Structures are given as structure tokens and as C-alpha cells.
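For the numbers below, each heavy atom of this structure counts, side chains included, while hydrogens, waters and symmetry mates do not. Note on naming: letters A, B, ... go to the chains in the order of the sequence lines (proteins, then strands), and numbering restarts at 1 for each one. No experiment lies behind these values; they were computed from the predicted model shown.
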Protein chains: 2
Amino acid sequence: MPRKPNYDRDDLIARARDLFWRRGWAGTSLKDLESELKMKPGSFYAAFGSKDALFELALQKYASDGAARLNALAEEFGPLSALQRLPEMVIDNDQAPARACMLSKTLLELQSHAHPLAKKADEKLQLMEAQFAQLFMRAQEIGDVAQDRDPKSLARKYQSDLLGLRVSAERDGVDAKSIAADIAEGLARL
Amino acid sequence: MPRKPNYDRDDLIARARDLFWRRGWAGTSLKDLESELKMKPGSFYAAFGSKDALFELALQKYASDGAARLNALAEEFGPLSALQRLPEMVIDNDQAPARACMLSKTLLELQSHAHPLAKKADEKLQLMEAQFAQLFMRAQEIGDVAQDRDPKSLARKYQSDLLGLRVSAERDGVDAKSIAADIAEGLARL
DNA sequence: GGCTTTATTGAGTGATCACTCAAGTATATA
DNA sequence: TATATACTTGAGTGATCACTCAATAAAGCC
């Protein structure tokens, strides 16, 4: 009986994610979204409810796609090698809307307003850190990382390094590749 | 002949800096500023010209005060020790409006809009990096850093580490002190 | 083809945005 | 004290914000 929507919901979320990722939360207006998604206000609100609700869907997609990509990398190259390859990958992707991490951008923008989306971003950063820890643990099990290292500490520092790299890569004239290489090299000495 | 303003301009800039630092550019409205600075719109615009102009003054103060603090630290403890102490200092300051660096917050928020303030923030990050390089060089001269190290590379990586630390420190439940300790420890092995 | 159900349209909502300006007030010099 | 020169006040500007809703169009089921 009902009429079907004439759009691909997941594709809309991906496009919204790219817009939010690049421009941030306050920097992305509904006009921007309507223009990018080719939706009138009525359709937009029928489909997503609010700007914040769509932002949350975008965050979720960002996080789960990222986690899947890292898992695939670990599957192909092994845990430590995946962690070594990741830094250069994240700053080398020319299709990405920004070098910086969408989660950290969201956290920095909205944390001070106690905005629920800041908490969501924080939670996803925590999940990401747990994934790193898992990979360090597996690397340790197969002897790629010394036994006296703590996977959780390594994950915490690794994520911090990655966030710093991705902020630096947002700047002009910074040789981010050599920072990425430094991070990868550090992992080789574990 | 003229009437003198009944405020301390430098104090106003410091208060504005704290507001901008915590809430960001879009997150700080004129109403917020008027309330914090206790100025009516007319006085505000007579004194500063625009929100952007005041933000630039705030950025300038943030950068120059930070540079002066690091120089004082190096004067007291020597260059390498100053660089080792800095990470814990920046995340341990309870009076600061935020853990994250105001320059990186500004860069991440405004870069995608090609906003002039993003460029200003980038320039000040570059100056900061140059100051780090200078300190690494002096540390090298007095034998605290091995001769085969490149001060500029060290500075680039050190700044990236600091930026990552300060993003991580913005999160809930992250043991930022141990990240800071990792950074300081890394400098001891140069 | 009728009917029900949902998607789409787009003008319009009040609120807030950065900012203006004419009027009033205070102060230092003459 | 008179005057010139600011500084201060606060209502008001048009623009843009996220969002609403009544009207219309389209699709699946009988």
C-alpha cells in the first residue's frame, strides 16, 4: 500500500557523513544538507527526524566502517602490520573529506556544550581504542610484540599518536608522511 | 579631552580567549561575549571591530603567552627538561578552559571553510614548531640529544604527539598522564 | 479504478545570528 | 565652567538558523 522512498538511505547517510566530517556540526547547515542530499526540508525531517539524529547516524557509519576497514587490514597483513599501515593510510586517502578524525573533531567542537553527540563520539573513540588493544594483544600472542608490554597502554598511546598525526596532517606544509613513518617505526621496536 | 574606557583591554582579551578556547568560534556567540565581558554591543564593536578581530587577538595572546611560558621553562630547567615537562603541564592545568590546544581546535573547526582564522592558527602552530626545533637544537648542542638526530624532525613529531595528547586529554576516563609520561620518556632516549 | 498509506513539496515559523547607530554620558583640556 | 572627544547604552537591523505543516503526488493492494 505505501509509497517507497526514491532514495538510498545508506548513500544519503554516507554523503551526510562526508559533509559533517569536513565542515563540522555547526559548520553544516540544513541548507547545506538539503543541497547535498537533494531533499526538501519536509522529506529530510520525515526521513531523519533532526540534524542531530542524522549526525549520529553519520558518526555511527564513520566508526563502524573504520573498524571494519582495520579488521580487514589485520586479516590480510596480521595485527601488527595492520597497525603499522594504518597511519599512512588515514592521511593518504585523497577521497576522504578531511585528514582529521571525525570523532575527534566532533569531540573538540561539542564537548564544552555537553552536547550528547560529544559523548557519542567519545564512546566510539573508546571502542576504537579497544580494537587497537585487541590487535596489540593478538600481535603479542604471535610474538610480534614483547611479552612485558601492556596492550591497553600501547593502544592508548597509539590512538593518541594517530589523533595527533591526523591533526598535523590537516595543516599546510607539514610532512605528515614522515610522522606516520615514525609511528610505524615505533611499533617495529616493540 | 577624550573619555577613557573603563575596562582593562588585555584582561578582556584574556577572558575572550578563554571563552573562545573552550567553546570554539561558532560555539561562542556575541551574547556570550557581551555577558562575559560585560559590554553592550556598541562598546564591543567600538573596542574590537568584530567577533573575528577579537578572536584573532585571543589567538595571538594564546600563542605568545604559551611561547613565553615554554621559554621560561627552558630558562629554568634547560631545553630538554622543559620539553619533557611540558606535556604533563598542559594537561594538568586546572585553570585552563580546555585540555585541547586552542590552535588545533581553531584549525579543525575553520579550515574547511577557508576561514582566515584557520590560516592564522596554522601560522602560530608553525611558530610553535619552530620554537620546539630551537629547543631540540640547544639540547643537542649541550649533549642532551644525540648528534645524528634532526631537530626539525624531532620538533614535528613532538608537536604531533602533544596535539594527540591534548585531544586525548579532552576525553573522559583517559589516563592522559601516562600518555604524557610516555612522551617525556621518549625524549629521554634521544 | 478506487482506496489507503506514505513520500514529497516549499512557503513559512519563531529564534537567534553578528552587527549598527542615534542618543546619552563621562572625562580631560582650555 | 565650557567644550571637544571619546565611551556607553540598548533597541533595532536584515540574514540565517533549525524546523513545521498543510497540500499534493505517487505507489501498493483490493
Consider the side chain of [X], meaning its heavy atoms from C-beta on, and name the nucleotide among [options] that approaches it most closely.
| X | options | result |
| --- | --- | --- |
| A/Ser43 | D/dT9, D/dT20, C/dT8 | C/dT8 |
| B/Leu30 | C/dA11, C/dC19, C/dC17 | C/dC19 |
| B/Lys40 | D/dC19, D/dT9, D/dC17 | D/dT9 |
| B/Ser50 | D/dC19, C/dC19, C/dA18 | C/dC19 |
| B/Pro41 | D/dG10, C/dC17, C/dA18 | D/dG10 |
| B/Ala46 | D/dT8, C/dG10, D/dG10 | D/dT8 |

What is the distance from [atom1] of [X] to [atom2] of [N], rounded to the nearest Å?
| X | N | atom1 | atom2 | value |
| --- | --- | --- | --- | --- |
| B/Arg9 | D/dA6 | CZ | P | 15 Å |
| B/Glu34 | D/dA11 | CD | P | 12 Å |
| A/Phe48 | C/dT6 | CZ | C1' | 16 Å |
| B/Leu33 | C/dA18 | CG | P | 8 Å |
| A/Lys31 | C/dA11 | NZ | P | 12 Å |
| A/Leu37 | D/dA18 | CG | C1' | 15 Å |
| A/Met39 | C/dT9 | CE | P | 9 Å |
| A/Asp32 | D/dC19 | CG | P | 14 Å |

Query raised in the report: Between A/Arg156 and A/Ser160, does any side-chain donor sit less than 3.5 Å from a side-chain acceptor?
Result: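 Their side chains do not contain a donor-acceptor pair, so the 3.5 Å distance test is not met.
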Query raised in the report: Is there a donor-acceptor contact under 3.5 Å linking the side chains of B/Arg22 and A/Gln111?
Result: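 No, no side-chain donor-acceptor pair sits under 3.5 Å.
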Report task. Kindly say if A/Tyr45 contacts the phosphate of D/dC19, meaning a side-chain N or O under 4.0 Å from OP1 or OP2. Result ->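 Answer yes for this pair, as a side-chain N or O of A/Tyr45 is under 4.0 Å from OP1 or OP2.
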Query raised in the report: Between B/Phe20 and B/Tyr62, is the gap from one ring center to the other below 6.0 Å?
Result: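 Centroid distance B/Phe20-B/Tyr62: not below 6.0 Å, so no.
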Query raised in the report: Are the side chains of A/Asp144 and A/Phe136 in touch, meaning some heavy atoms are under 4.5 Å apart?
Result: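 No, their side chains stay 4.5 Å or more apart.
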Query - B/Glu170/B/Arg99 salt bridge by N-O under 4.0 Å criterion - result: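 B/Glu170 and B/Arg99: not salt-bridged.
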Requested in this report: Determine the contact category for B/Tyr7: base if any of its heavy atoms lies under 4.0 Å from a base atom, sugar-phosphate if only primed atoms, P, OP1 or OP2 are that close, otherwise nothing.
Outcome: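 Contact class for B/Tyr7: sugar-phosphate only.
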